[in-house]
Amino acid sequence: MRSSTELIAASGNFWQQAAHRFVLDVVSPVWPLTSANDYSAVRVVVPTFEHAQLFLKALAQELQINFIPPRIQTMFAWVEMLPPQTHKRVSAPSERLMSLYAGLRQHAWLKKLFTARRNTDLLPLAQTLLSLSDELTQALLASVLDDREQTTQRWHTALAQLPQPTQKILSEEAQLVWTIWQSQLDEHDAIGQTHQQWLRIAQQAQEPLVWISPTAPNALEQAFLDVYSKKKKLLMILLDWRAKSITQPYASAWPNLFEDVNSGQQQFTLDQADVSHIRLCEASSLEDEAQQGAQTIIDWLQAGRQSIAVIAQDRVVARRIRALLERAQVFVADETGWKLSTTRAAAAIAAWFEVVATRADTMALLDLLKSPYLPGGLPGVSAKDAARIDAVIDMNAKADAVMHIELALRRANVLGGWEAILSTLDSKPDERKWIAALARQAAGFSGRKSISDWSRASIQMLYESGMHPQLQADSAGSQIIQLLQALTEDCQQMEATFSFSEWRAFINLQLENAPYITARIDKRVFMLPLNGARLRRFDAVLLVGADAAHLPSQAQEVLFFTNAVRRECGLTTREQRQQQQLRDFTELLLSNPEVVLSWQGQQQGEHNPVSPWLAQLNLALERNGSEALLKHHPMLSTVNLQSETLQQPRPAAAILAPTTLSSSGYSSLLACPYQFFARRMLRLDALDELSDMPEKRDYGDWLHAILKTYHDQLSAHQPEDRVQLLRDISTQRFDDILKRSPAALGYSVRWNKVIPEYVAWANQREADGWQFEIGEDWRERTLIWSDQGEDASIVLRGRIDRIDKNQHGEYAVLDYKTKTQTALIKRLKEGEDQQLPFYGLLANQTIAAASYVALELDKGKIGAAAADNFSDWTNVLEVDIKSNMQAIRDNTPLPAQGTELVCQYCEMRGLCRKGAWS
């Protein structure tokens, strides 16, 4: 038998020419048909199923009659049709990776060699080594099977290309790669088994073969074709990249297209191609490039284009274009996909792993609870049972539960830890039960397990938490579940065990490497890589990222595999990669009737040069006396908006009138009525921030608790023991605080300096006739101003720091402040503070005096700032509260009229938009 090769120049008519050559060959005596117009005795191999459809369509156009087509398929599909070899098990990629990693982590010198601080840092190394092994297998397997000794000599010859000092430095790496590759060459190697199946097909060849490919066969493909051609006739149809087949100006612009540049330059064709279909679009920014690209595609669709390709050299811009098109109800069929790790489903799995790894860090836990894939707990029903009986989860109830949990944790400033979180939720039994169930599931992610066991544990967690049905209903989620199930089966033979951190790193790597491709709803616009456009024709093509950084794309060298080593080993070199990219790019320009190439001319204020390939093409056009490539500037759609002058907000909302009022709430009303409206009536107040650094308000809360305990125990101790008593109480309190927040040490030292002065002040107050009555007392009082029921009343709420009583039966209200006495006296003189009289109203009893108590040293002393005419102040406040609350119920406007001091840190400023109207 013999083989022949047909070279066809790159153009939009490639498949028509291939079909024509096919018909000419198969009707010859060498390719006898079983009957007229019956081509089923011929097998055609194409790169992808998409190409199979293109060839079949071209064949129908060529014949113009009814016919029985040849058997058109890919090599992968052909191998799948073979009966399985039950005695040979193929090692799954996940099994190979973790088996190799388990071996690498045993060698401390590897960590030192590759500067790995943790075992998990070796996982990417293991993946890199496997990639190198597969490359070596692709290039050298055929020669290894023929002569292993000669292959070994070839390897050493390749290493000899390195300079002598480099050889010494890299000897360990070289030996490592060689050893790893040799260990992978066993009967379970997937590439080796595939090669054996290919040879099996070739040795049992029953029909002529037509091999159609945009690239020359690699080593394994060539070995298959050599054996096949000895059995049956073989026709290879390839792209023609000889210099005489490439028209100008491409041939002179890009001499690297050809294998032999020197001979190619002497054989350049004189034919001049039309380049008017190629246009350049220089954008000013990423957003500008995305907007112009999206507008270009929309213009093409409106002009009747039915097949449009987006070549995603710059994936960031491509993703933005996709988002803009979806706004216009144009859905892109993404053939490249994006990383599965970037999906919401993967984020839910990552959130669970983060909760386990951090032992319930508060923010990580809240992130998990807010995931749409985690259903809320059902009272009396476990999450596992709920999922099994397909119970309906009330998502509103879940949102409320999550909000209750978040508010509780933020108010208590709980940074994490299952015990701390559960104790904080003691007053919320349903929420506590939900979190306790998650804590039990997290406890199972401990110790060391095999990959199969970790996989089963993860799947079990999805069932028990109720996440499984939610993920299964999502396309990305179902892919993750399938991945976990596959790992359970693929790694059953592995006996090595791994920690949770290793399992987490492994899963993250799997999700990072797995592509997520959505279903093709709209088949008008395709997004694909440059090599995905090989042998395909579109009505129009948009290539984004036509700058020097993205075109050509740069491949990083792996370990010490320089071009010299790659060349000697028969691996693809950097020059070969770039040459193939250039050929793909050239084919794209020659095969499509309209091509727009866009890039960002400016990036971060710096000039961003266009791709050198385009610069060379423009230079070749200039040398030939032709015009440069045309510019492309689509007209962006515009919408004329009418300007609207913003007015000072003056809402009136009697229906939202508050039923309760706190001291801080009333202060907010006085400072700015709109602030009160937004924070208290609309309940838009910001959540408390979690912080591992204690704030001054935390310091105040600690002192309140310490002083209440001190005064409660004071009667059982002698006066001379009081300083020590307060120190002991303070020490005990701060010891607990410092365990959670060591940064509180400064506050502890600060308070210890105040203790003697506070005891002296308290003793003097006692000598003046005032006795501690009660502390930290929560109280409520209803103010009524008419007989209209609830519409004419307000409930005052608050916690009074301290109430004292003297020998005459009079009461005094005291409020602790972590400020100096001088600052408190000034605060009272300004008369804007309403906290003391508010507490006077809240006490609901006759209050003879009121004072702020300074808990900060002022010239080495502390003291109190007493309020003058407190009874009159309290009466005035009562009248004002009643008047203001009635005004709100009467729909009186609540204007945004805070002073700059109030507005400076106001969280509602984004709502009132002060500055836009004043």
Side-chain angles (χ1 to χ4, degrees), residues 663 700 703-726 729-730 751 754-781 783 796-829 831 833-858 860-879 881:
S663 171
L703 297 192
H704 281 64
I706 289 171
L707 292 177
K708 182 182 186 307
T709 304
Y710 168 72
H711 286 289
D712 286 342
Q713 298 179 6
L714 195 59
S715 60
H717 293 78
Q718 298 299 320
E720 61 272 16
D721 298 332
R722 290 181 176 181
V723 172
Q724 188 58 44
L725 171 64
L726 185 52
I729 294 171
S730 301
W751 171 239
V754 179
I755 286 175
E757 296 305 320
Y758 177 82
V759 172
W761 172 85
N763 289 343
Q764 183 59 48
R765 182 169 177 78
E766 186 177 331
D768 292 340
W770 292 98
Q771 297 290 330
F772 175 81
E773 181 74 11
I774 193 170
E776 304 301 314
D777 188 33
W778 282 94
R779 295 201 178 187
E780 290 187 358
R781 179 186 174 186
L783 293 184
L796 306 183
R797 286 181 176 174
R799 184 182 64 182
I800 301 176
D801 292 355
R802 174 174 169 179
I803 296 178
D804 284 0
K805 184 179 180 182
N806 64 15
Q807 62 270 28
H808 304 297
E810 297 174 327
Y811 292 93
V813 171
L814 280 76
D815 192 47
Y816 297 125
K817 294 294 182 185
T818 53
K819 295 180 180 294
T820 65
Q821 184 180 18
T822 301
L824 294 175
I825 292 173
K826 180 180 178 182
R827 179 173 179 172
L828 287 173
K829 284 182 178 180
D833 181 51
Q834 303 295 325
Q835 190 170 7
L836 276 179
F838 190 92
Y839 286 160
L841 289 176
L842 196 60
N844 201 18
Q845 60 193 91
T846 302
I847 301 297
S851 302
Y852 285 126
V853 179
L855 298 181
E856 289 289 330
L857 295 176
D858 188 4
K861 299 290 183 181
I862 70 167
D868 298 330
N869 302 318
F870 184 70
S871 179
D872 294 340
W873 193 9
T874 304
N875 293 335
V876 170
L877 177 63
E878 181 176 358
V879 173
I881 290 176

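The analysis underlying the following values was restricted to heavy atoms, covering all of them including side chains, and did not include hydrogens, waters or symmetry mates. Quick caveat: nothing in here was measured; it's all calculated off a predicted structure.
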request  = Would you sort out whether Leu814 and Asp801 count as a side-chain contact (heavy atoms from CB on, under 4.5 Å), showing the intermediate values?
outcome  = CA-CA 6 Å; Leu814 280 76; Asp801 292 355; over 6 Å; no
key: Residue pair Ile881 / Phe838, side-chain heavy-atom distance below 4.5 Å   = yes
query = Just wondering, do Leu707 and Tyr816 contact through their side chains at under 4.5 Å, heavy atoms?
reply = yes
query = If every non-hydrogen atom of Leu828 is compared with every non-hydrogen atom of Ala866, which pair is closest and at what distance?
reply = CD1-O, 3.6 Å
query = Rounded to the nearest 0.5 Å, how far apart are CD of Gln718 and CG of Leu725?
reply = 12.0 Å
task = Measure across Ala867 and Leu836 and return the closest heavy-atom pair with its distance rounded to 0.1 Å.
result = CB-CD1, 4.3 Å
task = Show the numbers, then the answer: is there a side-chain contact (heavy atoms from CB on, under 4.5 Å) between Ile803 and Tyr839?
result = CA-CA 10 Å; Ile803 296 178; Tyr839 286 160; over 6 Å; no
task = Could you give me the CA-CA distance, side-chain angles and deciding distance for Gln834 and Trp873, then say whether side-chain contact (heavy atoms from CB on, under 4.5 Å) is met?
result = CA-CA 9 Å; Gln834 303 295 325; Trp873 193 9; 3.6 Å; yes
query = Roughly how far, to the nearest 0.5 Å, is OG of Ser851 from NZ of Lys817?
reply = 13.0 Å
ask   = Any idea which heavy atoms bring Leu842 and Leu796 closest together, and the distance?
value = CD1-O, 3.3 Å
task = List the atom of Trp751, the atom of Ser730, and the distance in Å for their closest heavy-atom pair.
result = NE1-OG, 2.8 Å
Note, Leu824 side chain near Val853 side chain (heavy atom, < 4.5 Å) = no
remark   = Correct closest heavy-atom pair for Gly775 and Lys708 would be O-CE, 3.2 Å
request  = Please examine the side chains of Lys861 and Glu757, heavy atoms only from C-beta on, and report whether any two atoms are closer than 4.5 Å.
outcome  = yes
key: No-hydrogen, no-angle side-chain donor-acceptor test under 3.5 Å, Arg779 and Asn844   = no
note = d(Leu726 CG, Ile755 CD1) to nearest 0.5 Å is 4.5 Å
key: Spacing of Trp770 atom CH2 and Gln807 atom CD [to the nearest 0.5 Å]   = 8.5 Å
message = According to salt bridge (Lys or Arg N to Asp or Glu O under 4.0 Å), who are the partners of Glu776, at least two apart in sequence or on a separate chain?
response = Arg799
query = Which atom pair, heavy atoms only, marks the closest approach of Ala854 to Gln821?
reply = CB-N, 3.5 Å
inquiry  = Measuring only between side-chain heavy atoms, which start at C-beta, is Thr874 closer than 4.5 Å to Glu878?
reply    = no
note = The complete set of salt bridge (charged side-chain N to carboxylate O under 4.0 Å, His left out) pairs with one or both residues in residues 819-828, sequence neighbours excluded, reads Arg827-Asp833
query = Is there side-chain contact between Ile862 and Leu857, with heavy atoms separated by less than 4.5 Å?
reply = yes
note = CG (Asp804) and CD (Glu766) are apart, to the nearest 0.5 Å, by 10.0 Å
task = I would like to know whether Asp768 and Asn806 meet side-chain contact (heavy atoms from CB on, under 4.5 Å); could you show each step before the answer?
result = CA-CA 9 Å; Asp768 292 340; Asn806 64 15; over 6 Å; no
request  = Quick one: pull up CZ in Arg802 and CG in Asp815 and give me the separation to the nearest 0.5 Å.
outcome  = 11.5 Å
ask   = Is there a side-chain contact between Ile774 and Tyr811 (heavy atoms, below 4.5 Å)?
value = no
